[in-house]
Amino acid sequence: MHKALVMEADACTGCHQCEMMCSYGKVGAFNPSKSVIDITIFDGGAVNVPSTCTQCEGAWCMVVCPVEAITVNSSTGAKEVSAEVCVGCKVCTIACPFGAINYDVDSGVVTKCDLCGGEPMCVEACPTTALSFVAEDSTGYDKMRRNAILAAGIEEGIA
Amino acid sequence: MSWTGKILRIDLSAGTCTSEPLNMQWANDYMGQRGLATKYLVEETDPTVDPFSPDNKMIFATGPLTGTIAPTSGRWSVVCKGPLTGAIACSNSGGFFGAELKNAGWDMVIFEGKSASPVYLDMTNDQAELKDASDLWGKSVWETETALRERRGDPDVRVASIGLAGESGVLYAAVVNDMDRAAGRSGVGAVMGSKNLKAVVVRGTVGVKVNDPMAMMKTSNAAKEILAENAVTGEGLPTHGTQILMNVINEVGALPTRNGQDVQFDGAHDIGAEAMAEVRESDGQSNLVSNHACFGCPISCARRSKIDPTHFTVKDKPQYQGVSGGLEYEAAWALGAANGVNDLEALTYANFVCNEQGMDPISLGVTIGAAMDLYHAGAISQEDTGGVALEFGSTEAFVAMVEATARGEGFGKELGQGSRRLCEKYGHPDFSMTVKSQEIAAYDPRGIQGMGLAYATSNRGACHLRGYTVASEVLGIPEKTDPLATEGKAGLVKAFQDATAAVDSSGTCVFTTFALSGEDIAPMVDAACEGDWSVERFVEVGERIWNMERQYNIAAGFTGADDTLPERLLKDAAKTGPAEGSVNRLNEMLPEYYESRGWSASGEPTAETLGRLGL
């Protein structure tokens with residue numbers, strides 16, 4: 001089974017370590033402007049929201065690409081862009097409902113999260129629990145369990 | 001690498017922006033940020049220059065680790081001759097501005113001269129242009145940053161600016177970036193104002209490269225692991241922020257209270273970390289909203305706060321009712337305990353005003369405390385204060401003074417000159433809790449002896465961040481020493497001062513040193529930079545910087561006689577707590593300190609010491 005990248009805004013402090021690590025993997029420099037994971041800061045830093053591609057099963061970016069530059073990596077499930085094939089038409093950036101695929105002026109092609117071949121560097125960099133990489137069929141369960149604990153008004157849940 | 005190798009020089013008189021190569025010899029000898037910028041200032045300016053003269057320079061500087069994956073890599077510094085002290089001024093800030101400047105491809109920006117009219121510097125990578133800021137002059141930091149962000153139409157630009165305090169020459173005006181992170185001390189914001197420079201806007205997309213990326217990852221991960229596992233950096237600071245110290249230091253009997261009249265504050269529990277987290281009756285919310293991280297920081301000690309909207313300070317002022325930068329320990333102490341004020345919401349409001357108009361809350365709070373002392377002694381009256389009964393503990397009087405200082409109105413003009421000038425003017429220089437004209441910080445040297453020596457010998461005037469022996473004397477880091485003893489403190493202070501000077505020049509935050517030592521930080525510098533950066537070299541650079549700053553101050557007119565403390569701390573014993581009966585015994589530590597530094601008995605670095613350090 002593939003694994004999924006899970007982002008928890010509640011735990012994010014806005015430190016940008018993920019952006020630095022991601023950009024390093026993509027362009028070989030610490031350069032948040034080249035990161036394909038992005039932290040949006042709201043309310044003076046009280047709310048910090050990480051966003052990146054969630055690797056849709058039926059990926060719109062892939063469906064609309066006129067040159068088939070986006071393909072599925074069978075081992076990770078990631079939808080990956082081939083920089084050699086991409087012509088920079090940007091149709092995928094319009095099709096993506098989340099804005100998670102972006103055009104890079106310097107390279108002339110689009111960039112998006114490729115799960116770093118199965119070991120996402122952003123997850124490794126994150127100093128909190130805001131980013132995790134979990135089995136696809138367990139996404140949401142952690143949150144459900146936390147909410148159950150809150151609803152029950154108890155300190156710790158039972159497995 | 002990891003220096004960009006480029007400096008941007010801004011001649012404000014001529015209106016020109018020019019690029020020049022970084023002096024790599026100096027970079028190798030002084031690392032970056034605090035050390036490197038001070039080296040440039042020393043080489044390029046006359047130490048006797050009037051701080052407000054166009055001939056004074058102001059340098060924005062990053063370090064080799066700024067903008068890298070190293071934990072807490074968001075640090076940058078502002079260096080100039082300081083108007084509050086007449087000494088070297090070096091103020092360090094976090095947030096996101098510094099990393100953006102480095103990402104734009106610059107190690108430093110040097111501002112020289114003076115613009116004929118208000119301007120701001122607009123930068124995108126290697127493009128830099130001075131633009132008219134006439135419409136921004138008279139605006140707050142918050143208004144300026146918001147306006148410039150909108151003007152650029154790019155939410156990712158970063159801004160450093162001054163508010164009304166910097167424009168009007170408040171001697172402890174700050175340069176504020178990212179709305180509430182500040183290069184706070186010594187009046188660097190007033191120097192920026194004297195040059196008619198309102199703001200610097202930067203967007204950087206060049207990226208930061210390091211010499212050995214694999215070693216960078218490895219050493220940074222190791223450092224992050226240590227920070228996460230440490231009780232202070234992994235638990236205390238993320239959860240409670242620096243405010244965790246309020247009750248701790250009060251218990252130790254080292255919380256300077258009511259302008260140093262006492263060492264314990266009965267209202268301490270009302271203004272510390274625990275109080276910030278308490279749910280208010282009025283709106284069912286707590287003052288503390290969340291923690292927040294500066295760029296690259298896994299500690300995230302910064303506080304986000306929201307003031308009770310029904311509180312008298314904000315109830316008709318919507319601009320203060322949102323979430324903004326909350327109280328750190330130093331601000332809560334200076335604005336609170338130093339004045340005997342225990343109203344958490346009022347202190348948060350004052351902190352917001354300090355961020356909004358660009359003022360150092362430490363110097364502001366301590367100066368108001370001195371004014372309350374003068375009022376208490378009858379040296380000033382309501383005729384001087386504009387009708388305000390300036391009693392210790394009066395929240396209303398305190399708030400009125402904060403607002404008057406921010407706006408530069410009435411008695412606020414006097415307060416904007418700092419405690420030393422205020423107390424001298426009204427005939428009580430002994431009331432001024434200052435060293436080299438800069439206000440002391442939140443640790444009373446009667447209860448923590450080493451801090452007395454650290455204040456007395458700090459190159460930028462009294463400061464807790466030049467040699468934080470509290471770590472050892474109170475928290476037991478790296479090992480516990482007796483806060484009431486003077487033995488061994490000379491060596492302790494020197495070691496902390498040198499290590500801190502190195503950390504302040506690296507691009508990382510001194511708060512990491514609760515958990516990290518040179519053994520952890522030097523390897524990150526070594527990975528980032530070319531050349532061999534051993535621990536020994538790292539610490540030696542720190543010592544070199546300390547002596548360079550000392551030489552600058554001597555050339556500016558300071559002598560060993562200025563290495564002293566306010567009389568009250570040396571003569572009036574602590575009245576309560578573990579330090580009851582104690583004064584600070586500076587005279588037991590200072591000669592040994594000079595000797596351990598390789599300085600003469602009058603406090604001057606010997607030729608041998610200067611030679612050893614290559615100065």
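In what follows, chains carry the letters A, B, and so on, assigned in the order in which the sequence lines appear, proteins first and then strands, with residues in each chain numbered from 1. Only this structure's heavy atoms are used, side chains among them; waters, hydrogens and symmetry mates stay out. Here the structure is a predicted model, which means the values were calculated and not measured.
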Option that, when pairs with chain B are counted at under 4.5 Å, heavy atom only, ranks first among A:Pro127, A:Ser33, A:Gly28: A:Ser33

Which atoms of B:Asp178 come close to chain A, meaning under 4.5 Å heavy atom to heavy atom: side chain ones, backbone ones, both, or neither? neither

Please find the pair of heavy atoms, one from A:Ala46 and one from B:Ser290, that lie closest to each other, and give the distance. CA-OG, 3.3 Å

Atom of B:Phe96, atom of A:Gly14 and distance for their closest heavy-atom approach: CZ-O, 3.4 Å

Does CD belonging to A:Glu119 count more than 12 external heavy atoms closer than 6.0 Å? no

What's the shortest heavy-atom distance between B:Cys297 and A:Thr13, and which atoms? O-OG1, 4.5 Å

Interatomic distance, CE@A:Met21 vs OG@B:Ser220, rounded to 0.5 Å, equals 8.0 Å

Toward chain B, the part of A:Asp106 with a non-hydrogen atom under 4.5 Å: neither

Is atom NZ of B:Lys317 surrounded by more than 12 heavy atoms (other residues, nucleotides or ligands) closer than 6.0 Å? yes

Where do A:Lys34 and B:Thr205 come nearest, in terms of heavy atoms and distance? CE-O, 4.3 Å

Please look at B:Val323 and chain A and tell me whether the side chain, the backbone, both or neither of the residue comes under 4.5 angstrom of a heavy atom of that chain. both

Can you say whether B:Ser73 sits under 4.5 Å from chain A via the side chain, the backbone, both, or neither, judging by heavy atoms? side chain

Kindly compute the distance separating CE (B:Met217) from CE (A:Met121), expressed to the nearest 0.5 Å. 4.5 Å

Which bit of B:Arg303 is near chain A, if near means a heavy-atom gap under 4.5 Å: side chain, backbone, both or neither? neither

Check each atom of B:Asn103 against the heavy atoms of chain A and say whether the ones under 4.5 Å are side chain, backbone, both or neither. side chain

Do B:Met216 and A:Phe30 come close enough that some side-chain heavy atom pair is under 4.5 Å? yes

In terms of heavy-atom contacts, does CD of B:Glu235 have more than 12 from other residues, nucleotides or ligands at under 6.0 Å? no

Shortest non-hydrogen pair, A:Met20 vs B:Gly296, comes out as CE-CA, 3.7 Å

If you count heavy atoms of other groups shown closer than 6.0 angstrom to NZ of B:Lys209, is the number above 12? no

CD1 on B:Ile69 to CD on A:Gln17, rounded to 0.5 Å: 4.5 Å

Region of B:Ala70 in contact with chain A, defined by heavy-atom distances below 4.5 Å: backbone

Choice from A:Pro32, A:Cys12, A:Cys126 maximising heavy atom contacts with chain B below 4.5 Å: A:Pro32

Taking every heavy-atom pair that is under 4.5 Å apart, which of B:Thr68, B:Asp180, B:Ile299, B:Val210 has the most such pairs with chain A? B:Thr68

Answer with side chain, backbone, both or neither: which region of A:Ile41 has an atom nearer than 4.5 Å to a non-hydrogen atom of chain B? side chain

